[in-house]
A.B. asks: 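If you scroll down you'll find the structure; I have some questions about it.
Since we're looking at a predicted model, the values are computed, not measured. In the text below, chain A, chain B and the rest are named by the order of the sequence lines, each starting its count at 1.
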There are 2 protein chains.
Amino acid sequence: MFSIGELSLRTGVKVPTIRYYENAGLLEAPERTSGNQRRYSRSGLERLSFISHARALGLSIEDIRELVELASDPERPCGEAHHIASAHLASVRARIRKLKKLERELMRIVKISDADCVGECHVIQSLADHALCESDH
Amino acid sequence: MFSIGELSLRTGVKVPTIRYYENAGLLEAPERTSGNQRRYSRSGLERLSFISHARALGLSIEDIRELVELASDPERPCGEAHHIASAHLASVRARIRKLKKLERELMRIVKISDADCVGECHVIQSLADHALCESDH
DNA sequence: TGTACAACCTCCAGCCACTAGAGGTTCAAG
DNA sequence: CTTGAACCTCTAGTGGCTGGAGGTTGTACA
């Protein structure tokens with residue numbers, strides 16, 4: 001049996017965040033002591049690790065809620081879980097593509113202002129004039 | 001002279017967002033008609049384009065506020081503007097690195113569950129067990 | 001000149017995923 | 001039995017908008 005503080009230490013998830021997950025319906029409400037403090041079992045620890053790992057992978061609370069439900073219903077987990085994971089993979093890839101565009105754009109802006117840093121400021125000029133951009137955004 | 005709606009059409013920034021920028025101190029409060037409606041000049045349009053472009057590049061409102069101040073003070077813009085832009089470039093690169101790690105991780109999870117989709121769900125298993133991860137996060 | 005109605009105004013609430021603080025209670029070590 | 005760290009609940013704030021309520025103005029047309 002772990003207190004919320006011990007659980008926090010073991011998982012690296014902050015105490016208020018654990019309570020938040022409970023409130024959001026991701027984490028089952030644990031037993032309480034007679035004095036109303038939370039006491040977690042091993043399964044609570046495992047569930048929290050699951051949530052924390054999924055969050056680290058960037059899945060939304062909503063996605064995780066769904067995965068948690070699937071996990072507790074062994075009849076129909078795999079297809080849908082797979083769907084959630086691969087949808088998320090696609091969105092991660094889209095974000096990478098977008099950030100790479102930004103990277104190129106920013107490199108250009110920074111490089112120009114490196115080369116020629118007198119008079120008018122090129123950073124500000126480049127930011128002001130979208131027409132100078134190489135890609136759309 | 002543009003109404004707020006025209007400005008919105010020309011820049012692609014939504015009307016409530018324009019008001020939000022004004023409120024946040026990014027966009028100068030424009031003239032008003034006798035009936036209290038906003039009327040923008042060309043310089044307002046340019047300023048909003050600047051903001052919108054900088055946002056599209058992922059700069060924070062706070063960063064943009066600073067750039068806007070720098071832009072209006074031609075004494076000391078370049079060094080600081082360059083600093084903001086290159087700090088942002090660094091953070092974009094960090095985000096790309098992080099997302100690429102996630103991509104690898106998710107690919108692994110999705111691939112496993114592709115290959116072997118019977119019995120226990122591997123998506124959920126992989127998410128639950130951080131020890132299976134190849135990289136830290 | 002009157003009227004209809006789209007566009008405008010302000011203010012307030014909500015979104016996500018936490019995080020921080022106030023103010024009070026409980027647990028456990030000494 | 002006392003101390004004080006850790007716990008409890010509840011509320012509010014973060015960033016960057018977005019949407020709605022309820023009321024006013026601008027403008028095109030009859």
A.B. asks: Could you check if a side-chain atom of Ile61(B) sits within less than 4.5 angstrom of a side-chain atom of Tyr20(B), using non-hydrogen atoms only?
C.D. replies: yes

A.B. asks: So if I take residues 36-49 of chain B and measure heavy-atom distances to DNA chain C, which residues fall below 4.0 Å?
C.D. replies: Asn36(B), Gln37(B), Arg38(B)

A.B. asks: Could you tell me how far apart Phe2(A) (CZ) and dC27(C) (P) are, to the nearest whole angstrom?
C.D. replies: 18 Å

A.B. asks: Which pairs pass side-chain hydrogen bond (donor to acceptor under 3.5 Å, both in side chains) with one or both residues in residues 56-66 of chain B, sequence neighbours excluded?
C.D. replies: Glu62(B)-Arg65(B)

A.B. asks: Please report the end-to-end axis angle for the helix from dT1(C)-dA30(D) to dG30(C)-dC1(D), five pairs per end, rounded to 10 degrees.
C.D. replies: 10°

A.B. asks: Starting at CG of Asp63(A) and ending at P of dC16(C), how long is that distance when rounded to a whole Å?
C.D. replies: 12 Å

A.B. asks: Within a strict 4.5 Å, meaning less than it, do heavy atoms of the Phe50(B) and Val68(B) side chains meet?
C.D. replies: yes

A.B. asks: Output the rounded distance in Å from CZ (Arg19(B)) to P (dC8(C)).
C.D. replies: 8 Å

A.B. asks: Between the side chain of Ser52(A) and the main-chain N/O of Leu48(A), is any donor-acceptor distance below 3.5 Å?
C.D. replies: no

A.B. asks: Indicate yes or no: at least one non-hydrogen side-chain atom of Arg39(A) is less than 4.5 angstrom from one of Pro30(A).
C.D. replies: no

A.B. asks: Which distance, rounded to the nearest 0.5 Å, do you find between the OG1 of Thr17(A) and the CG of Leu27(A)?
C.D. replies: 11.5 Å

A.B. asks: At a heavy-atom distance below 4.0 Å, which nucleotide of DNA chain D is the first touched by chain A, and which is the last?
C.D. replies: dC7(D) to dT9(D)

A.B. asks: Only counting residues at least two apart or in another chain, list the ones meeting salt bridge (Lys or Arg N to Asp or Glu O under 4.0 Å) with Arg32(B).
C.D. replies: Glu22(B)

A.B. asks: How would you list, by chain and number, every residue that makes a salt bridge (Lys or Arg N to Asp or Glu O under 4.0 Å) with Glu103(A), sequence neighbours excluded?
C.D. replies: Arg93(B)

A.B. asks: Distance from Leu99(A) atom CG to Leu106(A) atom CG, nearest 0.5 Å?
C.D. replies: 10.0 Å

A.B. asks: Let me check something: any side-chain donor-acceptor pairs from residues 2-14 of chain B under 3.5 Å, sequence neighbours excluded? List them with distances.
C.D. replies:
{"from": "Ser3(B)", "atom 1": "OG", "to": "Gly5(B)", "atom 2": "N", "distance (Å)": "3.4"}
{"from": "Ser3(B)", "atom 1": "OG", "to": "Glu6(B)", "atom 2": "N", "distance (Å)": "3.3"}
{"from": "Ser8(B)", "atom 1": "OG", "to": "Val13(B)", "atom 2": "O", "distance (Å)": "2.7"}
{"from": "Thr11(B)", "atom 1": "OG1", "to": "Leu7(B)", "atom 2": "O", "distance (Å)": "2.8"}
{"from": "Thr11(B)", "atom 1": "OG1", "to": "Val13(B)", "atom 2": "N", "distance (Å)": "3.2"}

A.B. asks: Sequence neighbours excluded, which residues qualify as side chain to side chain donor-acceptor pair (under 3.5 Å) partners of Ser34(B)?
C.D. replies: none

A.B. asks: What are the residues of residues 20-32 of chain A, sorted by number, that bring a heavy atom to within less than 4.0 Å of DNA chain D?
C.D. replies: Arg32(A)

A.B. asks: Take Arg55(B) and Thr33(B), find for each the nucleotide of DNA chain D with the closest heavy atom, and name the residue whose nucleotide sits nearer the 5' end.
C.D. replies: Arg55(B)

A.B. asks: Which pairs pass salt bridge (Lys or Arg N to Asp or Glu O under 4.0 Å) with one or both residues in residues 42-55 of chain B, sequence neighbours excluded?
C.D. replies: none

A.B. asks: Taking DNA chain D as the partner, which of residues 9-18 of chain A come within under 4.0 angstrom of it by heavy atom?
C.D. replies: none

A.B. asks: Between Glu31(B) and Met1(B), is any pair of side-chain heavy atoms under 4.5 Å apart?
C.D. replies: yes

A.B. asks: Measure the shortest side-chain to side-chain distance between Ile64(A) and Tyr21(A) over non-hydrogen atoms and say whether it is less than 4.5 angstrom.
C.D. replies: no

A.B. asks: Do any side-chain atoms of residues 83-92 of chain B form donor-acceptor pairs under 3.5 angstrom with protein atoms, and if so which ones, sequence neighbours left out?
C.D. replies:
{"from": "Ser86(B)", "atom 1": "OG", "to": "His82(B)", "atom 2": "O", "distance (Å)": "2.8"}
{"from": "Ser86(B)", "atom 1": "OG", "to": "His83(B)", "atom 2": "O", "distance (Å)": "3.4"}
{"from": "His88(B)", "atom 1": "NE2", "to": "Leu57(B)", "atom 2": "O", "distance (Å)": "2.7"}
{"from": "Ser91(B)", "atom 1": "OG", "to": "His88(B)", "atom 2": "O", "distance (Å)": "3.3"}

